[in-house]
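Below is one structure; the comments refer to it alone.
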Amino acid sequence: QVQLVESGGGLVQPGGSLRLSCVVSVDIFRPYSMGWYRQAPGEQRELVASISSGGSTDYADSVKGRFTISRDAAKKMLYLQMNSLKPEDTAVYYCWRYPSTWGQGTQVTVSS
């Protein structure tokens, strides 16, 4: 059974940075896409960034140029580097593995 565990969330001021990490309990070289979703209070869960088995990345328009998704297969880790954070980035961030495996989520709050 695949398990995903996120870490790295917290409180940061606008303009600041955070790096989210997700440890994966199976070999991430298996041909599955992975990504990060987020869900703000009262909102639907939305895709923030994804990385395919071949390494292609995709980002929501709202985070392009600010967020970077990456992975380290040797460490079985997925990362989300978040720069120039804005209050509207405040949400619970979830690690995801195709088709439907989710982590427990980590809270990111951007506030002064």
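Between Tyr32 and Thr101, every side-chain heavy-atom pair lies at or beyond the 4.5 Å cut-off. Between Ser50 and Tyr98 there is no side-chain heavy-atom pair separated by less than 4.5 Å. Inter-residue side-chain proximity for Trp36 and Ile51 is flagged as unmet; no heavy-atom pair is nearer than 4.5 Å.
The CZ atom of Arg19 lies 9.0 Å from the OG atom of Ser7; values are rounded to the nearest 0.5 Å. Distance CG/Asp89 to OG/Ser62: 7.0 Å, rounded to 0.5 Å. The CG atom of Asn83 lies 6.5 Å from the OG1 atom of Thr68; values are rounded to the nearest 0.5 Å. One finds the CE atom of Met77 at 14.0 Å from the CZ atom of Arg71 (value rounded to the nearest 0.5 Å). Distance check, rounded to the nearest 0.5 Å: OG of Ser70 to CG of Leu80 gives 8.5 Å. Rounded to the nearest 0.5 Å, atoms CG (Leu4) and CG (Leu78) are 8.5 Å apart.
Judged by distance alone, the side chain of Glu6 and the main-chain N or O of Gln104 form a donor-acceptor pair under 3.5 Å. The closest donor-acceptor contact from the side chain of Gln13 to the backbone of Ser112 lies at 3.5 Å or more, if one exists at all.
A salt bridge links Lys64 with Asp61; the closest basic N to acidic carboxylate O contact falls under 4.0 Å.
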key: Worked check of side-chain contact (heavy atoms from CB on, under 4.5 Å) between Arg66 and Met82   = CA-CA 6 Å; Arg66 300 189 297 123; Met82 305 185 295; over 6 Å; no
- request: Would you sort out whether Thr90 and Gln107 count as a side-chain contact (heavy atoms from CB on, under 4.5 Å), showing the intermediate values?
  value: CA-CA 8 Å; Thr90 296; Gln107 176 71 47; 4.0 Å; yes
Any chance you could lay out the side-chain contact (heavy atoms from CB on, under 4.5 Å) test for Arg38 and Leu20, step after step, and finish with the verdict?
CA-CA 12 Å; Arg38 67 186 180 188; Leu20 304 183; over 6 Å; no
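Listed here is the closest heavy atom pair of Val92 and Gly105: CG1-CA, 3.8 Å. Taking both residues in full, the closest heavy atoms of Pro14 and Ser111 are given as CD-C, 3.6 Å, listed atom of the first, atom of the second, then distance. The two residues Ser17 and Gln81 make their nearest non-hydrogen contact at CB-NE2, 4.0 Å.
Within a 6.0 Å radius of CD in Gln44, other residues, nucleotides and ligands contribute 12 heavy atoms or fewer.
Screening Tyr94, Tyr59, Trp96, Tyr93 against Val48 for a side chain to side chain contact (heavy atoms under 4.5 Å, CB included) leaves a single residue, Tyr93.
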